[in-house]
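Written out below as structure tokens is the structure these notes cover.
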Amino acid sequence: MKRHRASTGFPRTRMRRNRRHEWSRRLVSENQLSVNDLIWPVFVIDGDNKTEDVTSMPNVQRLSIDLLVDAVGNAKDLGIPAVALFPFTDPALKNAQGSESINPENLVCRAVRAIKAAHGDDIGVMCDVALDPYTDHGHDGLLEDGYVVNDASVKILAQQALIQAEAGCDVIAPSDMMDGRVREIRNVLDKANLDHVQIMAYSAKYASAFYGPFREAVGSTPNPAGGDKKTYQMDSANSDEALREVALDIAEGADMVMVKPGMPYLDVVRRVKDEFQVPTYAYQVSGEYAMLTGAAERGWMDGERVMMESLMAFKRAGADGILSYYAVAAAKLLKSN
Ligand code: PBG
């Protein structure tokens, strides 16, 4: 680490000189946020011309596929590079095995096909790989005697990845935190001649309370059977472990890695970027969005300014991009400036 020492000291060194004028502040700014850094997570529901508010996420709605196709078109026109799809699954379709996850006609696959038919390669489509939107117990994998089993879960997760890729998904994003899932997904995709499909691994995903609003948004069980996801997602106390997770995912074939949640884990983003120099993403999760937007709604903070400041923080920490529910609002603001 370089040590910086003010050699001549005050008053010759005046840090405020460079900050005096707006042009100068622009000139010395070290990081930039652009629309190219944004991935927009969206929630999809069955039906036609249907929207539903997510009460814990102001201004976020679940959209039926027809409306989602239009919304993704707007995102594309703003220059947003990719969207990440999350399905709200009809509770009647859930079971212990999460078998709807491997139905090629499921909601998320139909949404991928519709978006790709309308927009082609002008915008990327990402899909989550995990069972929690599909299981009645709310876990990301299969339960046996109250424990989420690894290897059997990996098998079904790889099938889930396969049907999503076959539907036209560009980026497979395993968020389940099972061991070895990236390798298995890569193998299954390659065998199916889907070697061009990218993998963005949720590599350092923490067992976090900041996912609360998301679980409302997708209708997954807020408290999965067994209480929490701590036997597979990471402990918030750890960051060396995050580096091991990232190293494994890269070795198994991940093209991009992710840290999640975002703002409470910026130190992890920085460590990952410094250590590996691979495309590194952070997920500004539902709880972060709810926290900032909720406070702004009450007039306690300036909503636009905290939005932009929070996104810039990810860039400063070394992220190459950010999954954010603010993507569209931020892209509009960036365009108008
Ligand atoms: C599914 C998944 C979750 C999120 C993304 N994919 C929830 C969880 O693991 O419980 C959270 C996203 C957010 O909070 O915005 N495994």
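Quick caveat, the model's predicted, so the values are computed rather than measured. For ligands, and for the atoms within them, numbers begin at 1 and follow the listed sequence.
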So for Val285 against ligand 1, with non-hydrogen atoms under 4.0 Å, the contacting part is both
Can you see whether Ser310 engages Glu288 through a side-chain donor-acceptor pair at a distance of less than 3.5 angstrom?
no
Salt-bridge contact Arg215-Asp132 (side-chain N to carboxylate O under 4.0 Å):
no
Distance filter under 4.0 Å to Tyr283 heavy atoms, resulting ligand 1 atoms
12 (C), 15 (O)
Taking Arg181 first and then Asp249, would you say they form a salt bridge - that is, a charged N and a carboxylate O separated by under 4.0 Å?
yes
Can you sort out which atoms of ligand 1 are near Lys229, meaning under 4.0 Å from one of its heavy atoms?
8 (C), 9 (O), 10 (O)
In terms of atom number and element, which parts of ligand 1 are under 4.0 angstrom from non-hydrogen atoms of Ala130?
16 (N)
the protein heavy atom lying closest to atom 12 (C) of ligand 1 turns out to be Phe214 CD1, 3.2 Å
Please check this pair: side chain of Asp53 against backbone of Thr55, looking for a donor-acceptor N/O pair closer than 3.5 Å.
no
For Asp140, atoms of ligand 1 separated by under 4.0 Å from a heavy atom
9 (O), 16 (N)
Could you list the atoms of ligand 1 found under 4.0 angstrom from a heavy atom of Tyr325?
12 (C), 13 (C), 15 (O)
By the definition side chain to side chain donor-acceptor pair (under 3.5 Å), identify the one residue from Lys116, Gln164, Gln198, His196 that meets it with Asp170.
Lys116
Heavy-atom contacts with Asp128 under 4.0 Å: which atoms of ligand 1 show up? List them by number with element.
1 (C), 2 (C), 6 (N)
Tell me if a side-chain donor or acceptor on Ser64 pairs with a main-chain N or O of Lys50 at a distance below 3.5 Å.
yes
Closest protein heavy atom to atom 2 (C) of ligand 1, given as residue, atom name and distance to 0.1 Å
Lys205 NZ, 3.3 Å
Aromatic rings Tyr206 and Tyr265: how do their planes relate, parallel, tilted or perpendicular, breaks at 30° and 60°?
parallel
If only side-chain N and O atoms count, and only distance matters, is there a donor-acceptor pair under 3.5 Å linking Ser101 with Gln160?
no
Within less than 4.0 angstrom of ligand 1, does Lys260 place any heavy atom?
yes
Please state which protein non-hydrogen atom is closest to atom 14 (O) of ligand 1 and give its distance, to 0.1 Å?
Ser286 OG, 2.7 Å
Nearest non-hydrogen protein atom, atom 10 (O) of ligand 1:
Arg215 NH2, 2.6 Å
No-hydrogen, no-angle side-chain donor-acceptor test under 3.5 Å, Glu100 and Asn103:
yes
Of all protein heavy atoms, the one nearest atom 1 (C) of ligand 1 is Asp132 OD2, 3.0 Å
